[in-house]
Amino acid sequence: LFEDEQFEKLNSVLAQYQEIFENDQADEYKVYDAYDTFYYTDSFYEDLYRNWINATPDAYQPYLAIANYYYLKGWESRGHKWAKDTSEKQFEDMRLNFEKAVANLYTALEINPNLVVAYNNLIGMYNANGDDELIDRVVEKMNLLFPYSFIIKAAILNTKEPRWGGSYRQMEEFARQAEKFSDKNPRMAILYGFIYSDQAKRFAHKKQYEKALKLYTKALDFGDHGTFYNERARIYYYNLKLYDQALENVNRSIELRPVLYEYPLMRSRIYYSLKDFDKAFSDLHTVETIKPGNSEAKKWKKWASKNMVEWGHYVFKEDIQKALEYYGVALEFDESNYQAYHWRGVVKTRLNDFESSLSDFQAAIEKNPHYFESYHMIDYVLAKEHKWDEIIHYWDSFIELEPDHAEAYFERSGTHYHNNDMVSAMHDLKKACELGNKKACGKYNEIGK
C-alpha cells in the first residue's frame with residue numbers, strides 16, 4: 001500500500017491496528033509490527049513519506065511512519081558499539097536524525113495522543129541522548145496512558161539499566177511495581193528477566209560465555225521471550241560454534257515472534273554453517289518477504305556468497321564436483337558475485353564443458369567489466385575454436401577500460417599473431433613491453449632480431 005501510494009487505505013489499515021491496542025493494551029504487538037514496516041533507511045522512501053503527508057496532512061499515520069524512518073536512521077548513524085567506541089560525528093548525526101523523528105512524533109501525538117509506538121520511540125531517543133528531565137516527563141505520561149503495556153514497561157525498564165546510569169536494584173524495583181498489572185498482561189513477569197539478560201550481555205562482552213548462558217537461562221525462568229532465546233543462540237553460534245544448540249534456541253524465538261525478520265536471518269546463518277543451504281535460502285526468502293531490501297540481509301548474502309567461493313577453492317583439487325556445487329550456491333546467495341561466475345567457469349573448463357563455461361565468464365565480465373581473469377579464460381575457450389576475431393573484440397573492450405594493462409596487450413598480441421596480423425601483434429607486444437611486461441620485452445627483442 002505504501003509503495004503503491006494507496007495512502008487513504010493505508011491510513012485505514014493502520015488505524016485498525018491502533019484501535020486493537022486501545023481496546024486491549026495487552027494486545028500490543030500488532031500495532032508495533034505494523035509500524036515496523038517503516039523501519040527502513042533507504043533514501044528512496046523519504047519522498048514517499050512526503051507524498052503521504054501531503055496527501056493526508058491531517059492523519060497521524062504518515063508522521064508516525066516517517067518518524068520511524070528517522071529513528072532508525074539515527075541509530076544507524078550512531079552504530080551499536082559502546083559510547084567509548086563511538087565518534088562525536090556519529091553522535092551528532094544521530095541527534096540530527098532524532099530531532100526530525102521527534103518533530104514528527106509530536107505532530108502525530110497532537111492528532112492522536114494515544115500512540116504507543118510514538119512514546120516507545122521517544123523514550124528510546126531521550127535515553128540515547130541522556131536527557132533525564134525529558135525521560136522522567138515521558139515516563140510519567142507513558143505510565144498514565146499505558147499501564148498495561150508490557151512493551152512500554154520494557155522500554156522504561158531499559159532506561160534503568162546500569163549503562164544508562166541506573167542499577168539492577170532500580171530495575172528490580174520497577175519490575176516489582178509492574179507485577180500488579182499481571183492480571184491485565186501476564187507478560188509483566190518477564191520484566192525480571194531483563195535484569196539477568198543485561199548481566200548476560202556484560203559477561204558475553206567479556207567473553208565469559210558460560211556465565212552468560214546461565215544468566216539467559218535464568219532470564220527465561222521468568223517467561224519465554226524471543227530476545228532471550230535469540231541472544232543465547234548468538235552465543236552458541238558466533239562464540240561457541242555449537243550450531244545445533246543455536247538452532248534449537250532460534251527456533252523457539254521464531255515460534256514466539258514469527259513476524260520479526262531478525263530471527264529467520266539468524267537461523268539462515270545457522271543453516272548455512274550446517275550446510276543445509278535449501279533451508280538457509282528459505283529463511284532468507286522469509287526475511288526478504290518481511291523486510292524487502294533489508295541491509296542486514298544484503299550484507300549477509302554477500303558475505304555468504306564470498307565465503308562460499310572460498311569453500312569452493314578449498315575443495316577444488318580434491319573434489320571438483322563439490323567445488324562446482326559451492327560456486328553455484330555462492331551465486332544463489334548473490335547473483336552479482338563475478339568471482340563465483342568465474343570460478344564456476346574454470347571448473348567447467350576442467351570438465352570440458354566449454355560452452356557453459358563461456359557463459360559463466362561472460363556473466364563475470366558483465367558483472368565486473370574490469371575483471372582480467374575472465375577475459376583471459378574467454379581467450380582460452382574461444383582459442384580452441386580459433387575464433388580470433390571474437391577474442392580480439394573482448395581484448396579491445398577490456399583495454400578500452402584498462403588502457404595501461406600490460407598483460408592485456410601481451411595477450412592481444414598473441415591473438416593478432418594467430419590471426420596472421422603481425423603488424424598489430426608487434427604493436428601490442430611493444431606496448432606491453434613499454435608498460436613493464438618483461439615477457440613481452442623478451443618476445444619483442446627476440447622477434448626484432
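- For the residue pair Val139 and Ile123, the shortest heavy atom distance occurs at CG2-CD1, 3.5 Å.
- Aromatic ring centres of Tyr380 and Phe361 lie farther apart than the 6.0 Å criterion allows.
- Here the two rings, on Tyr243 and Tyr237, have centers that are under 6.0 Å apart.
- Each of Asp224, Asn249, Asn251 was compared with Tyr229 under the side chain to side chain donor-acceptor pair (under 3.5 Å) criterion, and only Asp224 meets it.
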What verdict does the salt bridge (charged side-chain N to carboxylate O under 4.0 Å, His left out) test give for Lys89 and Glu92, after you've listed the backbone C-alpha separation in whole Å, the side-chain angles of each residue and the deciding distance to 0.1 Å? CA-CA 5 Å; Lys89 175 68 166 57; Glu92 181 60 25; over 6 Å; no

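- Of all heavy-atom pairs between Lys301 and Asp334, the closest is O-CB, 4.1 Å.
- Asn97 places none of its side-chain heavy atoms less than 4.5 Å from the side chain of Tyr69.
- Taking every heavy atom of both residues into account, Phe21 and Asn114 meet most closely at CE2-O, 4.4 Å.
- When ring centroids are compared, Phe333 and Phe281 come within the 6.0 Å threshold.
- Using a 4.0 Å cut-off between charged side-chain N and carboxylate O, Glu172 and Lys160 make no salt bridge.
- Annotation: Phe228 is not in aromatic contact with Tyr216 [ring centroid separation under 6.0 Å not met].
- Ring centers of Phe2 and Tyr49: under 6.0 Å apart, within the cut-off.
- Ion pairing between Arg176 and Glu173 holds under the 4.0 Å rule for side-chain N and carboxylate O.
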Give the intermediate values and the outcome of side-chain contact (heavy atoms from CB on, under 4.5 Å) for residues Phe38 and Leu64. CA-CA 9 Å; Phe38 307 104; Leu64 186 50; over 6 Å; no

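- Between Tyr327 and His313, a ring centre-to-centre spacing shorter than 6.0 Å is recorded.
- The distance between the ring centers of Tyr63 and Trp52 does not fall below 6.0 angstrom.
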side-chain contact (heavy atoms from CB on, under 4.5 Å), that's the test. Do Asn294 and Glu288 meet it? Break it down for me. CA-CA 7 Å; Asn294 177 257; Glu288 290 169 343; over 6 Å; no

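- Contact record, Tyr17 with Val31: O-CB, 3.8 Å, taken as the closest heavy-atom pair.
- Residues Tyr375 and His405 form no side-chain contact, since every pair of their non-hydrogen atoms from C-beta on lies 4.5 Å or further apart.
- Heavy atoms only, all atoms of each residue included: His342 and Ala364 are closest at N-CB, 4.0 Å.
- For Trp75 and Tyr39, the ring centers sit 6.0 Å or farther from each other.
- Between Thr217 and Tyr196, every side-chain heavy-atom pair lies at or beyond the 4.5 Å cut-off.
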